[in-house]
Structure formats: structure tokens, C-alpha cells
Amino acid sequence: MTPFPFLLFLLLTQAPAPNQPLEKSSYFAFVDHEYIFTIEMAKPGVPLLNFVSMTDQENTIPAKNIRLSLENRKVATKSFTIETGDQPMAVFSTMVHPRSSFGFRLNGDFGDARELFGATIQMGGEDFKLIPLRSFDFETLAIKVNRINLGSPDFGDDWRILRLESMGTRSPARK
């Protein structure tokens, strides 16, 4: 008897199913027809946030309104670091301009976390709950997001052509 069938059995029973929900990940995303938010752990303890706004309204996100769930605690972001080309700049809130995209590093007490158990962004009167993604799915989403035409008169065309799908949840913010 060859060991191959036994090894194949072990691999199939040990590996998580591709459609099985993730409990934790280094990659999180929220996608709907107005906003896209992604958070990735670029290296231990260093999360990056990117967003795309496809609305015609302006919003503000205070750093403290981004909450990351680590293994045993929830941590609010303290500030954002924006790379200016000359010297990184720390800010405590950011403007989400109409039809724009931007990215920055999140600063807070994240220790050396490599993965998150959850991520929520409060903007205006709403909470955006991001979902965990596998690396491949995150990279696929990033490629699609980079192809969005922010000057488009109808983002529906971008959604259809890029085959974007809604993910995450959006709900009234808890007071």
C-alpha cells in the first residue's frame, strides 16, 4: 500500500474548506456601492488602512473610531501616519473626500499582532464591519479596487465590469 492515499486523506481532513468562514486573518475588507475599506497587517503590529469613496459627500474618520479586535482585547486606533514623501506625518482624523481613495498606517497598541479577529470603522452615524479574507481573495480585491475609475459618472459599470461583490456589514453606530 502506498502512503499517497493516506497523505491525501490527511491533507483533505486537516485543511480548512475554502468556503469555511475565517475566525482571524491578516486581511479585512468592507465593500458596498459607496465605500470600500481594507485593513491589512503589513508586518507584525503594523496595520494599514485603505479606503475608496464612491460618493459625492465628504466625511471624517477620527482615528479612535477604528477598532481592531486582537486575540484577547479590542484596541482603538490612536492616530494615522501619512507618508508625505519627505517625512511621515501623524494625524488624529482624516477626511474622506468625495470620489477619492487614500491609505495610511494605523497607530495604536497592537503589540506584535500578525492577525486580527475583527475590524470596525465608525464614520458619521454608521459602523462598517469588515470581514476577514484569505490572502488570495484580498489580493484579488486589491487588483479590482485599483481599477476603479473615480471619475466615472456611473460606478455601476465599474461594479459590473470588475465583478465587485458586497462584503461586510453596515449598520447604525452604537452610541
Side-chain angles (χ1 to χ4, degrees), residues 16-55 57-83 88-97 100-146 148 155 159 162 164-175:
N19 294 330
Q20 183 177 346
L22 296 174
E23 181 179 310
K24 61 183 178 173
S25 178
S26 297
Y27 310 98
F28 278 75
F30 171 89
V31 178
D32 76 3
H33 285 274
E34 293 185 328
Y35 298 102
I36 298 173
F37 296 104
T38 63
I39 293 178
E40 71 173 300
M41 297 303 287
K43 56 186 177 181
V46 181
L48 303 178
L49 169 70
N50 287 285
F51 70 80
V52 176
S53 169
M54 296 171 281
T55 69
Q57 56 192 16
E58 192 165 87
N59 272 298
T60 302
I61 302 176
K64 67 180 181 172
N65 286 6
I66 299 175
R67 299 173 304 279
L68 305 182
S69 297
L70 305 179
E71 188 169 10
N72 56 1
R73 62 194 169 98
K74 290 189 179 187
V75 177
T77 299
K78 293 180 180 175
S79 65
F80 306 120
T81 296
I82 299 171
E83 296 294 330
M89 181 172 61
V91 296
F92 297 97
S93 69
T94 188
M95 294 298 296
V96 177
H97 296 289
S100 67
S101 64
F102 202 71
F104 35 77
R105 187 176 80 213
L106 303 178
N107 303 309
D109 185 17
F110 307 122
D112 60 355
R114 295 175 183 268
E115 295 180 308
L116 303 172
F117 284 78
T120 304
I121 298 170
Q122 183 181 343
M123 183 174 68
E126 295 183 293
D127 278 339
F128 297 83
K129 184 175 182 184
L130 288 68
I131 62 165
L133 297 176
R134 289 174 173 75
S135 175
F136 177 80
D137 296 330
F138 184 83
E139 293 302 325
T140 300
L141 175 62
I143 290 168
K144 291 177 180 183
V145 169
N146 285 333
I148 291 175
F155 288 112
W159 271 73
L162 297 173
L164 287 167
E165 296 178 17
S166 294
M167 58 181 72
T169 57
R170 185 175 180 170
S171 60
R174 290 188 242 158
K175 302 271 176 182

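Worth knowing before you read on, the calculation uses all heavy atoms, side chains too, and leaves out hydrogens, waters and symmetry mates. Positions are given from 1, in the same order as the sequence printed here.
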Audit row: F138, E40, side chain to side chain contact (heavy atoms under 4.5 Å, CB included) steps and yes/no: CA-CA 9 Å; F138 184 83; E40 71 173 300; 3.8 Å; yes

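- Closest approach of T60 to M123, counting heavy atoms only: O-CG, 3.8 Å.
- Contact detail for R114 and S26: the closest heavy-atom pair is O-OG, 2.7 Å.
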Evaluation steps, side chain to side chain contact (heavy atoms under 4.5 Å, CB included), between L22 and R134: CA-CA 8 Å; L22 296 174; R134 289 174 173 75; 3.6 Å; yes

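- Residues S101 and F51 have side chains not in contact (no heavy-atom distance under 4.5 Å, counting atoms from C-beta outward).
- Contact annotation: the side chain of E23 approaches that of F117 to within less than 4.5 Å [non-hydrogen atoms, C-beta and beyond].
- Checked by atom type, the side-chain pair S166/D32 shows no donor-acceptor distance below 3.5 Å.
- In this structure, N59 CG and H97 NE2 are separated by 11.0 Å, a value rounded to the nearest 0.5 Å.
- Smallest separation of non-hydrogen atoms from A113 and M41: O-CE, 3.1 Å.
- A salt bridge does not link D109 with K78: none of the charged nitrogens is closer than 4.0 Å to a carboxylate oxygen.
- With rounding to the nearest 0.5 angstrom, the CG atom of L106 is 8.0 Å from the CD1 atom of I121.
- In plain terms, the two heavy atoms of A119 and L68 that are nearest each other are CB-CD2, 3.8 Å.
- Between F128 and Y35, the ring centre distance stays below 6.0 Å.
- M95 approaches E58 most closely through the heavy-atom pair CE-OE1, 3.0 Å.
- Of all non-hydrogen atoms in L164 and K144, the two that sit nearest each other are CD2-CB, 3.9 Å.
- Between L133 and F28 the shortest side-chain heavy-atom distance does not fall below 4.5 Å.
- Under a 3.5 Å cut-off, the side chain of N146 and the backbone N or O of A142 do form a donor-acceptor pair.
- D127 and S171 share no side-chain donor-acceptor pair at under 3.5 Å.
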Check against side chain to side chain contact (heavy atoms under 4.5 Å, CB included), I39 and L48: CA-CA 5 Å; I39 293 178; L48 303 178; over 6 Å; no

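- For the residue pair S53 and T55, a side-chain donor N or O sits within less than 3.5 Å of a side-chain acceptor on the partner.
- Between atom CZ of residue R174 and atom CD of residue Q122 there is a gap of 9.5 Å, rounded to the nearest 0.5 Å.
- Taking CZ of F110 as the start and CG of L116 as the end, the distance is 8.5 Å to the nearest 0.5 Å.
- Contact annotation: the side chain of T38 approaches that of L141 to within less than 4.5 Å [non-hydrogen atoms, C-beta and beyond].
- Atom OG1 of T169 sits about 9.0 Å away from atom CD1 of I131, to the nearest 0.5 Å.
- Here the side chains of W159 and H33 are in contact, with some heavy-atom distance below 4.5 Å.
- By the 4.5 Å heavy-atom criterion applied to side chains, L130 and T120 are not counted as neighbours.
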Steps toward side chain to side chain contact (heavy atoms under 4.5 Å, CB included) verdict (E34, M54): CA-CA 5 Å; E34 293 185 328; M54 296 171 281; 5.6 Å; no

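- Side chains of F80 and I66 form a contact here, defined as non-hydrogen atoms less than 4.5 Å apart.
- We find that K24 and E71 are not joined by a salt bridge, their nearest charged nitrogen and carboxylate oxygen being 4.0 Å or further apart.
- Side-chain contact check for L49 versus F104: some heavy-atom pair is nearer than 4.5 Å.
- To the nearest 0.5 Å, atoms CD (E115) and OG (S25) are separated by 6.5 Å.
- Using a 4.0 Å cut-off between charged side-chain N and carboxylate O, D112 and K43 make no salt bridge.
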